[in-house]
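Below is one structure; the comments refer to it alone.
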Amino acid sequence: MRDASPQTVFLKDYTPPEYLIEQIELNFDLDEQHTQVRSTLSLRRNPQSQDSSTALTLLGEELQLVSIAIDGQALEQSQYLLGEEALVVHEVPQDRPFQIVIENVINPQANTALEGLYLSSSMLCTQCEAQGFRKITWFLDRPDVMSRFKTTLTGDKSKYPVLLSNGNKIGQGELENNRHWVSWEDPFAKPCYLFALVAGQLECVADEFITMTGRRIALEIFVEQHNIDKCDHAMQSLKNAMHWDEETYGLEYDLDLYMIVAVDHFNMGAMENKGLNVFNTKFVLARPDTATDSDYEHIEGVIGHEYFHNWSGNRVTCRDWFQLSLKEGFTVFRDQQFSGDRTSPAVKRIEDVNALRTRQFAEDAGPLAHPIRPEAYIEINNFYTLTVYEKGAEVVRMLHTLLDAAGFRKGCDLYFQRHDGQAVTCEDFVKALEDANGVELKQFRLWYSQAGTPVLTVSQQYDSESQQLHLTIQQNCPPTPNQPVKAPLHIPVKLGLLAADGSAAQIHYNDSSQAEITLNVTEAEQTFSFAQLPQPPVVSLLRGFSAPVTLKMERSLDELAFLLRHDSDTFNRWEAGQQLAVQVIFKLIDAIELGRPLQLEPVIVDAYRSVLIDSSGDLSYQALLLALPEESYLSGQMAVIDVEAIHQAREFVKKTLAEQLQVEFKQLYQQHHRDESGSFDAGAVGRRRLKNACLSYLSKLENQDVYHIAEQQFYSARNMTDQLTALSAIVNSNHPAKARSLDSFYVQWRQEALVIDKWFTLQATSSMPNTFATVQALMKHPAFDMKTPNRVRSLIGAFSQANPLHFHAINGEGYRFLADQVLALNTLNPQIASRMVTGLAQWRRYDAARQGLMKQQLQRIVATEHLSKDVYEIASKSLA
Ligand code: 0A1
Ligand code: ZN
């Protein structure tokens, strides 16, 4: 909990560690409430350090000290100072290596923050990133201190038959009183944030992978016994990821064993601990009847992500936590590439951009905006953000675009070779890419230090005389906290031109002629001219979303409809449909605000009709073309967010399209609706996605016929995708069987925690009246548990972050509710509590009444005693 004034840590204050810890030997005597730790550290002074103090400061929190000795000599109390956050030994040898042995005790059961060693169900496990190791024992808990770990775990054989840690198993044995021990050794030096141990009654699914050089790697996934039938997809994903990294980056796995453990209680998605990943069950377990197609995709993505960290994160790690995006941005980029290659690059790109624009752009436009390499933090756990991860990945993607795939690969090869075994900076990464390609990326580096989403304002002028098109691009980045003025960035903008018949027009630019080019936008305003265009072309700009920017360009509805029909760039084709819908919806919002009758523009009906009847392509892509922009995306476009008008306008479009195209929607639904078991192959996934998109439209008709279709699908479904979409259609309508369907779903799945999470979320995100009362009632449901992050996210998180209509109710009940829950979570789990505060952070974007109500709750939070650093930082910065 917070001391009087929490300290801010600054990037500019970085200094190398004063000591190095070359080896650590850890002994755990495991017990739920009383785990004994003995740690033997081999230390020496760091020759790189300028500091001349002869003291040693080891970091540790919430630990009970038993003893401390240096080189076999026990220390007296006068020889050290024991504080809340550190243990300072006044005098340690300066001229030679020395050994410290520390004994301490910890209580995993009391650890509801899920950081350090904790209990998840009956299993003991650890989470050390970012600074959890200091809750296990005193250490130089910083990523640039890399040590070789040897770990021995001792425990009761019945309670903890499986004892795991990083690296290779080097010994095991039996002890008296039904106890046993296992020793592990990790040959690779690593920062302590990558340490892990797991102990419990676990079953294992085993397989193997033969690497590109013919090495045999044992693969093991550990789960509780009742989940053993849900590991196949995760195992296949792991093998796919290992193969993909060899093919794409030439990177091979290094240990002989790769273990994954799935736990119910986890603050994030998963953790890349060396050789022993710990995963939230959500990203491991899948069976067609329990997991949706999107769950299957996320599992493959997260398994890939953690696996790819073995190189981008573990072999080459971060010098300090300000460099977090070095490993996260790069690894997210790698997992995005992997998922795209595994499914469809077009669909994956649209999904990623959609998430970036709805969520990261909001973060970048609000009080919590920060550069992908932040300059200051109070609590580092607050910086595992969409900006560091998703915008970080966009920055790496731009490097990939600028250098092209081959140049990027050359740069990565040099980066891994040059820095293997080191803790480095974002600067080192960019430098390696520069050096390998003989290029200079000076201006590009600003992406690491400047926050905010740049706006590109584009105007075009066609000169029929000279047959030239002039494209003027202005860039401007709005102010963000502590950064009132921004310098122009280097922005790669991909461009294509379309002739009147929809075919590609050649781009004649600087003596070259191509079908597509990347413009280097580097100045505040720049004009690009293209020759030999006998007719005015239609411009397709920012293809593939080549930079994380907002594009402002005047477009007529007809021009957008044309691009939706003809653009050869799959991203921009989809984007044209989105912008078409955005314009239509905003006209309706104006009408709503002026109290005028609503009418749907015929051009959107025609556009959707063409999409519905053109079934030549990928069905998942077709489903995306049918999806209207989300309410959160629309909010981002509005000066003062009007949640009710946005909802009403969007619903009107959806319902009217359903009415006018009902024949087409039904026909497409029937064409693709099968009674299928849910196999995860592209064909079946596409069919389900498209027919469920149709069902979602049809359900707006609220008639007996569609009630019947939804109910039929719900009760006959043999896979979770179909069952859940049908239930969602039922819940978000006046379907007479709503209560019965929800009950039957609960009874059917009460043993499956991850499915019950979906049941909570579905109700928390309903747009129907009385949702808030339902949420309050669900808080008291026997299956609700504040100590299980997945459950908290599924109810409180879903309501406050994915139900704008009800969360922002004008009477302020949603805000009050959220603040109550934040304060309750603050003592239990500060990380989860602070994630929940973000629901209030955007208060300035709403009308005066809502602003006042939201602000009031933030102030109430900040004024609370014993606030965690996590919550304090987010709430106070939100108010600033
Ligand atoms: N490095 C992990 C994310 C992670 C971060 C912090 C955690 O606990 C506080 C857990 C996981 C990843 O990127 O997957
Ligand atoms: Zn990661």
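Because only heavy atoms are used, hydrogens play no part in the values below, and waters and symmetry mates are left out as well, while side chains stay in. Every number for a ligand or one of its atoms is a count from 1 in the order of the listing.
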(message) Salt bridge or not between Arg445 and Glu427? Use side-chain N to carboxylate O under 4.0 Å.
(response) yes
(request) State which residue, out of Phe416, Tyr249, Phe338, fulfils the ring pair (Phe, Tyr, Trp, His ring centres under 6.0 Å) condition with Phe308. (result) Phe338
(message) So if I count the atoms of ligand 1 from 1 in the order they appear, which ones are less than 4.0 Å from some heavy atom of Gln831?
(response) 9 (C)
(request) Give me the ring orientation class for Phe322 and Tyr377: parallel if the planes are under 30° apart, tilted from 30 to 60°, perpendicular past 60°. (result) tilted
(message) Tell me the angle that NE2 of His309 and NE2 of His305 form around the Zn ion (ligand 2), rounded to 10°.
(response) 100°
(request) Return yes or no for this condition: an N or O of Asn267 is under 3.5 Å from an N or O of ligand 1. (result) no
(message) Which option wins on minimum heavy-atom distance to atom 4 (C) of ligand 1: Glu306, Met268, Glu272?
(response) Met268
(message) Can you confirm whether the side chains of Asp254 and Asn310 place a donor and an acceptor under 3.5 Å from each other?
(response) yes
(request) Just jot down the ligand 1 atoms closer than 4.0 angstrom to any heavy atom of Tyr384, in number order. (result) 5 (C)
(message) Once side chain to side chain contact (heavy atoms under 4.5 Å, CB included) is applied, do any residues pair with Glu185, and if so which ones, sequence neighbours excluded?
(response) Lys150, Ile170
(message) Under the side-chain hydrogen bond (donor to acceptor under 3.5 Å, both in side chains) test against Asn829, which residue among Asp870, Asn111, Asn267, Thr788 passes?
(response) Asn267
(request) Answer yes or no as to whether an N/O/S atom of Glu328 is found below 2.8 Å from the Zn ion (ligand 2). (result) yes
(message) Can you check which of Met271, Glu129, His305 brings a heavy atom nearest to atom 9 (C) of ligand 1?
(response) Glu129
(request) For the residue pair Phe209 and Tyr253, establish whether any side-chain heavy-atom pair is separated by less than 4.5 Å. (result) no
(request) Report yes or no: does a heavy atom of Glu115 sit under 4.0 Å from some atom of ligand 1? (result) no
(message) For Ala270, state whether at least one heavy atom is located under 4.0 Å from any atom of ligand 1.
(response) yes
(request) Provide the number and element of each atom of ligand 1 under 4.0 Å from a heavy atom of Tyr389. (result) 1 (N), 2 (C), 3 (C), 12 (C), 13 (O)
(request) Could you tell me which atoms of ligand 1, counted from 1 in the order shown, lie closer than 4.0 angstrom to a heavy atom of Lys327? (result) 1 (N)
(request) Answer yes or no: is there an ion pair linking Arg359 with Glu390, defined by an N-O contact shorter than 4.0 Å? (result) no
